[in-house]
Number of protein chains: 2
Amino acid sequence: MKETGVKDRILDTASRLFYEQGYHVTGINQIIEEADIARASLYHHFISKTELLLAYLDRSHEAWFRELEDFMRPVEGARERVLALFDHRIMRQSRPNWKGCNFNKIAAENSGDEQVLERVKRHKGRFRTYIRTLVSEAPHKRVLDDEQLADMIFLLLEGATVAGAMFRSYEETEKAKKIVESFL
Amino acid sequence: MKETGVKDRILDTASRLFYEQGYHVTGINQIIEEADIARASLYHHFISKTELLLAYLDRSHEAWFRELEDFMRPVEGARERVLALFDHRIMRQSRPNWKGCNFNKIAAENSGDEQVLERVKRHKGRFRTYIRTLVSEAPHKRVLDDEQLADMIFLLLEGATVAGAMFRSYEETEKAKKIVESFL
DNA sequence: AAATGAGTAGACTAGTCTGTCTACTGTCGC
DNA sequence: GCGACAGTAGACAGACTAGTCTACTCATTT
């Protein structure tokens, strides 16, 4: 009797290793050993390592937005909701095993695979849209228009995530939050 | 009679491949073949592949700031000099083979090597300092203080570079420039 | 003339990589 | 009972990995 299904165990292990170590340095051998499954079982569920990567990205995408929406649900007030975007990131970055954005990491390692790039773009695009709707509901000092403010928030968050991963801290995100606060 | 020295040819080729394809997917065999040198020559000049990576980072660091300073030299006026930071990036991103920031790409692929991380941090730290001095000379609407404005510019540039690499465009950097223009 | 060092070609070690395949076991539905 | 299916272990193929080493050439310096 297994606690979790084989397919889940493969995807869990691969996800962890792809994120912690990187895609290319993670070999099939390591995945099957740490997931404690047979080699043929992996290739039964996923036709190739690339397919496993795509499954990882798809699942991360869903999980990421589910977590964001869970975080945002109790937050009230348009201004507070915009600022909560930063708190959400700070919460993620506070986790001891946080190592940067899953999608940025894979995108940086990726050389040419359009299917991979497409998923990264979809993820970032959807988040950009999410910011845009929050901004349109929030009142702000109109030194920038809605579109520009949304761009600014998106770019600040993206920058703070990259810098945060490098310096292993979330203070960049806190700085970004204070900057945006000046305009709300 | 060789046009260029062997060591330069190794470093040129490795740099190109590390940047275009990524570090881990680039093998020693490909480097020696494309640089058209003997295997032993590579290990004569660089004791390991890691050492070659560090040499690539060091040379990129120097070249990057040399290029930035060349770009900034003719720019006059404190306000113009701040904005030129964005123009410099746009120029770089306009190049057909631009694929993102060398340092961010290597950092994303890196899993644990402190020497690599240290070089990336040094590069980003020095640029952050460079921005800070430009900002301190420039007059601006004091909705943010100097320190915050420098942070904002740094994070916007970082975000625009990552997003630009993903969407293969420099419009994010142009947007970032317009945003900053509103505060000068 | 001898020595040094930069360069060459390529064999070699010892291991890793992804992916395929065979042969087997246990469980479930019919 | 029997077939289908999810799972196991592990051999295997073929290619690639970083790095070492030998044996050689050529040019410059001492």
Side-chain angles (χ1 to χ4, degrees), chain A residues 1-59 105-106 108-116, chain B residues 1-59 105-106 108-116:
Chain A
M1 219 31 151
K2 300 280 161 53
E3 315 91 47
T4 52
V6 167
K7 187 169 181 177
D8 282 341
R9 224 154 68 232
I10 296 169
L11 199 43
D12 288 347
T13 308
S15 298
R16 179 173 55 81
L17 294 174
F18 288 166
Y19 181 64
E20 285 177 2
Q21 303 183 335
Y23 174 71
H24 284 113
V25 292
T26 301
I28 295 290
N29 293 332
Q30 193 183 4
I31 296 170
I32 64 174
E33 199 194 327
E34 296 200 19
D36 197 32
I37 50 106
R39 189 173 205 77
S41 301
L42 192 152
Y43 283 100
H44 174 73
H45 290 290
F46 304 94
I47 64 164
S48 68
K49 194 188 171 189
T50 305
E51 214 64 30
L52 191 51
L53 172 62
L54 296 178
Y56 158 62
L57 292 176
D58 287 342
R59 209 181 58 161
K105 289 189 76 175
I106 293 298
E109 249 190 287
N110 184 48
S111 61
D113 190 317
E114 287 298 327
Q115 289 187 290
V116 170
Chain B
M1 218 33 149
K2 299 279 159 52
E3 316 90 48
T4 52
V6 167
K7 188 170 181 177
D8 282 342
R9 223 155 67 231
I10 296 168
L11 200 42
D12 288 347
T13 307
S15 298
R16 178 174 54 81
L17 294 173
F18 288 167
Y19 181 65
E20 285 177 2
Q21 303 183 338
Y23 173 72
H24 283 113
V25 292
T26 301
I28 295 291
N29 292 333
Q30 192 184 4
I31 296 171
I32 64 174
E33 199 195 327
E34 296 200 19
D36 197 31
I37 51 107
R39 188 173 206 79
S41 301
L42 191 152
Y43 284 99
H44 174 75
H45 291 289
F46 303 95
I47 65 166
S48 67
K49 194 187 172 190
T50 305
E51 214 65 28
L52 191 51
L53 172 61
L54 296 177
Y56 158 62
L57 292 176
D58 287 342
R59 208 180 59 161
K105 288 190 77 174
I106 293 297
E109 246 189 289
N110 184 47
S111 61
D113 190 316
E114 287 298 326
Q115 289 188 288
V116 170

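These values consider heavy atoms only, across backbone and side chains, with no hydrogens, waters or symmetry-generated copies. Reminder, nothing fancy here: chain letters follow the sequence lines and each chain counts from 1.
At least one donor-acceptor pair closer than 3.5 Å links the side chain of A/Arg9 to the backbone N or O of A/Asp36. A donor-acceptor pair is defined here as one N or O able to donate and one able to accept, closer than 3.5 Å; such a pair exists between the side chain of B/Lys105 and the backbone of B/Tyr19.
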### Query
Dot-bracket for DNA chain D, 5' to 3', with Watson-Crick and G-U pairs under 3.5 Å, [ ] for crossing pairs and | for other-strand pairs: what is it?
||||||||||||||||||||||||||||||
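The distance from atom CD1 of B/Ile31 to atom C1' of D/dC16 is 14 Å, rounded to the nearest whole Å. Across the protein-nucleic acid pair, B/Ile32 atom CD1 and D/dG19 atom P stand 12 Å apart, rounded to whole Å. The interatomic distance linking B/His45 (NE2) with C/dG5 (P) rounds to 13 Å, in whole Å. Nucleotide C/dT8 holds its P atom 8 Å from the CG atom of B/Asp36, rounded to whole Å. Rounded to an integer number of Å, the gap from CG of B/Leu42 to P of D/dT20 is 11 Å. The separation between B/Leu53 atom CG and D/dA18 atom C1' is 14 Å, rounded to whole Å.
In the set D/dA6, D/dT8, C/dT8, the nucleotide with an atom closest to the side chain of A/His44 is D/dA6.
The shortest non-hydrogen separation linking B/Phe46 to B/Ala55 is CE2-CB, 3.8 Å.
One distance of note links CG of B/Leu42 with NZ of B/Lys7; it measures 11.0 Å at 0.5 Å rounding. Rounding to the nearest 0.5 Å places OG1 of B/Thr26 at 9.0 Å from CD of B/Glu20. With rounding to the nearest 0.5 angstrom, the CD1 atom of A/Ile10 is 5.0 Å from the NE2 atom of A/His45. Between the CG atom of B/Leu57 and the CG atom of B/Leu52 there is a distance of 10.0 Å, given to the nearest 0.5 Å.
A heavy atom closer than 4.0 Å to some atom of DNA chain C occurs in no member of residues 10-22 of chain A.
With contacts defined as side-chain heavy-atom distances shorter than 4.5 Å, the pair B/Ile37/B/Thr13 does not qualify.
Checked against side chain to side chain donor-acceptor pair (under 3.5 Å), B/Gln30 has the following partners two or more places apart in sequence or in another chain: B/Glu34. Taking A/Phe18 as the reference, A/Tyr23, A/Tyr56 meet the ring-ring contact (aromatic ring centres under 6.0 Å, His included) condition, with sequence neighbours excluded. Every residue two or more places apart in sequence or in another chain was checked for a side chain to side chain donor-acceptor pair (under 3.5 Å) with A/Ser41, and none qualifies.
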### Task
Give the B/S/- string for nucleotides 17-23 of chain C, one per nucleotide from 5' to 3', where a protein heavy atom under 4.0 Å of the base yields B, of only the sugar-phosphate yields S, and otherwise -.
SBBBB--
